*Asks:* 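Before I ask anything, here is the structure I am working with.
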2 protein chains.
Amino acid sequence: MKKQASPAKRSTTRPKPAPGYHHGELQEALIAASEAILAEQGAEGFTLREAARRAGVSPAAPSHHFGNAPGLLTEVAIRGYDALADALREAASGKQGPRDKLHAQGLAYVEFALRHPGRFQMMFANKRLVADDARLRQASRAAGHAFEIVVAELVGSTPKQAKTAAAAAWSTVHGFAKLALEDKFGSVKTDGGRREIIMTLDQVLNYLWPVSGARR
Amino acid sequence: MKKQASPAKRSTTRPKPAPGYHHGELQEALIAASEAILAEQGAEGFTLREAARRAGVSPAAPSHHFGNAPGLLTEVAIRGYDALADALREAASGKQGPRDKLHAQGLAYVEFALRHPGRFQMMFANKRLVADDARLRQASRAAGHAFEIVVAELVGSTPKQAKTAAAAAWSTVHGFAKLALEDKFGSVKTDGGRREIIMTLDQVLNYLWPVSGARR
DNA sequence: GTATCTATCTTAACACTGTTTAGATAGGGC
DNA sequence: GCCCTATCTAAACAGTGTTAAGATAGATAC
């Protein structure tokens with residue numbers, strides 16, 4: 001009565017009426033909007049209200065699907081870990097020996113972080129996620145597992161030593177990525193800076209896990 | 001006239017009148033309050049208003065001394081880097097050979113991160129700091145330099161290789177600390193968990209930089 | 001000793017944020 | 001046709017960082 005069925009009428013402030021809500025597309029729209037914000041503004045720039053705005057809904061709408069902001073971000077983080085695991089597996093699949101595989105994985109890990117800084121930082125921001133979410137933990141473990149497989153092949157001895165070596169590899173590439181994102185190895189904003197950073201990483205990996213026989 | 005000189009009167013909501021403002025103690029009080037918040041609540045829990053509250057001043061007071069929240073946090077981060085550099089230097093000074101020194105520094109780095117998680121996380125949160133502040137960059141470089149000195153002694157060859165080795169060492173311990181703080185190596189909340197984590201770190205360091213001759 | 005000047009702090013307001021409550025709306029099942 | 005449930009909106013709340021304007025006190029100058 002008060003509002004006739006004028007579908008274009010409501011797009012006063014909302015960007016996308018996006019026909020087909022009430023059909024289960026809002027989750028995807030919110031996740032996509034969140035990833036876009038992370039890509040544009042970084043992890044600190046994310047805002048639940050902005051995600052709702054981009055999806056064309058009210059600020060309270062997300063709560064019905066994700067509970068709260070950490071709930072939504074957890075979903076984003078899960079997909080991030082899945083994408084990371086894929087990248088690690090694909091990097092290893094392109095090489096033959098375990099050393100080459102590990103080297104490729106290290107490069108892939110840091111390249112992922114530099115390509116998606118906001119998402120990457122959010123994946124490791126436990127306080128902004130539902131840290132004990134079962135699916136999140138599983139996705140994180142799966143990404144770490146991609147490392148362990150290759151490292152186990154490399155070390156080849158006791159599983160305890162494999163665990164240690166995997167922790168070492170993960171720590172090194174993760175620390176490098178984090179430090180690079182904080183500009184500790186030069187500016188990460190320019191193309192040239194990123195190229196320089198990747199070259200430094202290549203040297204670091206060759207130093208710690210030399211591909212050809214001799215070490216140092 | 002309106003207010004008699006009743007010094008206890010104003011402590012209605014303010015915790016510490018702290019005689020001696022207007023004397024330059026507010027900066028220190030705000031820094032101390034910020035460090036206390038970081039220690040209690042972590043980096044995400046920091047709030048400029050809460051810092052002002054603890055220092056017993058209005059929310060606008062900090063702006064006169066630090067400009068804005070990043071300004072205050074930058075001062076906190078600088079002191080954090082100074083403390084970290086001290087810890088690294090002291091760790092090295094207690095040992096003899098370069099391998100032992102590096103090992104001790106690695107332990108000291110992670111122990112610092114686990115002992116002061118909030119401060120540590122804030123030190124590497126460029127977006128919440130005045131990232132291009134000259135004193136901050138200097139303090140950060142000084143902490144990294146503590147690593148480079150030991151690594152140069154260890155590698156002993158070209159300065160380029162020393163740079164690479166220092167980047168490797170820093171990345172490994174930084175990554176380990178970051179992952180540990182996000183519970184990737186078990187819970188960091190319990191004493192037992194932390195002990196376990198340090199043991200894992202010890203193995204990682206021995207794996208990458210073995211103290212006694214043979215490697216792996 | 002009084003007046004002025006400057007650093008320091010407060011009050012009040014603004015535009016944001018995440019979350020909750022209650023109510024409106026629409027689509028599917030009976 | 002009706003009801004029922006999922007979905008979304010509107011409005012409000014407490015809290016945030018920051019700014020503008022005004023008050024206050026300490027030191028300085030005369």
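All chains are named by letter (A, B, ...) in the order of the sequence lines, taking the proteins before the strands, and each is independently numbered beginning at 1. Nothing here was measured: the structure is a model prediction, and the numbers come from that model.
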*Asks:* For B:Ala142, enumerate each residue passing the side chain to side chain contact (heavy atoms under 4.5 Å, CB included) test, keeping only those at least two apart in sequence or located in another chain.
*Replies:*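 B:Ala142 satisfies side chain to side chain contact (heavy atoms under 4.5 Å, CB included) with B:Gln138 once adjacent residues are dropped.
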
*Asks:* Reading nucleotides 11-16 of chain D 5' to 3', which nucleotides get B (base under 4.0 Å from a protein heavy atom), which S (sugar-phosphate only), which -?
*Replies:* -----B

*Asks:* Contact list please: residues 64-80 of chain B against DNA chain C, heavy atoms, distance less than 4.0 Å, in numerical order.
*Replies:* B:His64, B:His65

*Asks:* Below 4.0 angstrom, which residues in residues 35-45 of chain B have at least one non-hydrogen atom near DNA chain C?
*Replies:*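 Within residues 35-45 of chain B, no residue comes under 4.0 Å of DNA chain C.
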
*Asks:* Using the test side chain to side chain contact (heavy atoms under 4.5 Å, CB included), find all partners of B:Leu114 that sit at least two apart in sequence or belong to another chain.
*Replies:* B:Val110, B:Ala180, B:Leu181, B:Val188, B:Arg194, B:Ile197, B:Ile198

*Asks:* With sequence neighbours left out, write down each residue that passes side chain to side chain donor-acceptor pair (under 3.5 Å) with A:Ser140, or none if nothing qualifies.
*Replies:* B:Lys184

*Asks:* Taking only residues two or more places apart in sequence or in another chain, which ones pass side chain to side chain contact (heavy atoms under 4.5 Å, CB included) with B:Glu35?
*Replies:*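 B:Ile31, B:Val76, B:Arg79, B:Arg119.
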
*Asks:* Name all residues meeting the salt bridge (Lys or Arg N to Asp or Glu O under 4.0 Å) criterion together with A:Glu44; count only those two or more places apart in sequence or in a different chain, and write none if there are none.
*Replies:*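 For A:Glu44 there are no salt bridge (Lys or Arg N to Asp or Glu O under 4.0 Å) partners, ignoring immediate neighbours.
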
*Asks:* State the CZ-OG1 distance between B:Phe176 and A:Thr172, to the nearest 0.5 angstrom.
*Replies:* 11.0 Å

*Asks:* Whether the A:Gln121 and A:Lys178 side chains hold a donor-acceptor pair (N or O, under 3.5 Å, no angle test) is what I'd like checked.
*Replies:*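 Yes, a side-chain donor-acceptor pair sits under 3.5 Å.
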
*Asks:* Taking CG from A:Leu26 and C1' from D:dC8, how many angstroms apart are they, rounded to a whole number?
*Replies:*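 Distance, rounded to whole Å: 9 Å.
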
*Asks:* Mind checking side chain to side chain contact (heavy atoms under 4.5 Å, CB included) for A:Arg115 and listing every partner two or more places apart, or none if nothing turns up?
*Replies:* A:Glu111

*Asks:* Might you work through the side-chain contact (heavy atoms from CB on, under 4.5 Å) test for A:Trp209 and A:Leu154, ending with a clear yes or no?
*Replies:* CA-CA 10 Å; A:Trp209 289 277; A:Leu154 173 72; 3.9 Å; yes

*Asks:* With sequence neighbours left out, write down each residue that passes salt bridge (Lys or Arg N to Asp or Glu O under 4.0 Å) with B:Glu196, or none if nothing qualifies.
*Replies:*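 Checked B:Glu196 against salt bridge (Lys or Arg N to Asp or Glu O under 4.0 Å); zero matches.
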
*Asks:* Looking at five pairs on each end of the helix from C:dG1-D:dC30 to C:dC30-D:dG1, what is the angle between the two axes, given to 10 degrees?
*Replies:* 10°

*Asks:* With sequence neighbours excluded, what pairs up with B:Glu75 under the salt bridge (Lys or Arg N to Asp or Glu O under 4.0 Å) test?
*Replies:* B:Arg135

*Asks:* Search all heavy atoms of B:Leu48 against all heavy atoms of B:Pro62 and return the closest pair with its distance.
*Replies:* CD1-CB, 3.9 Å

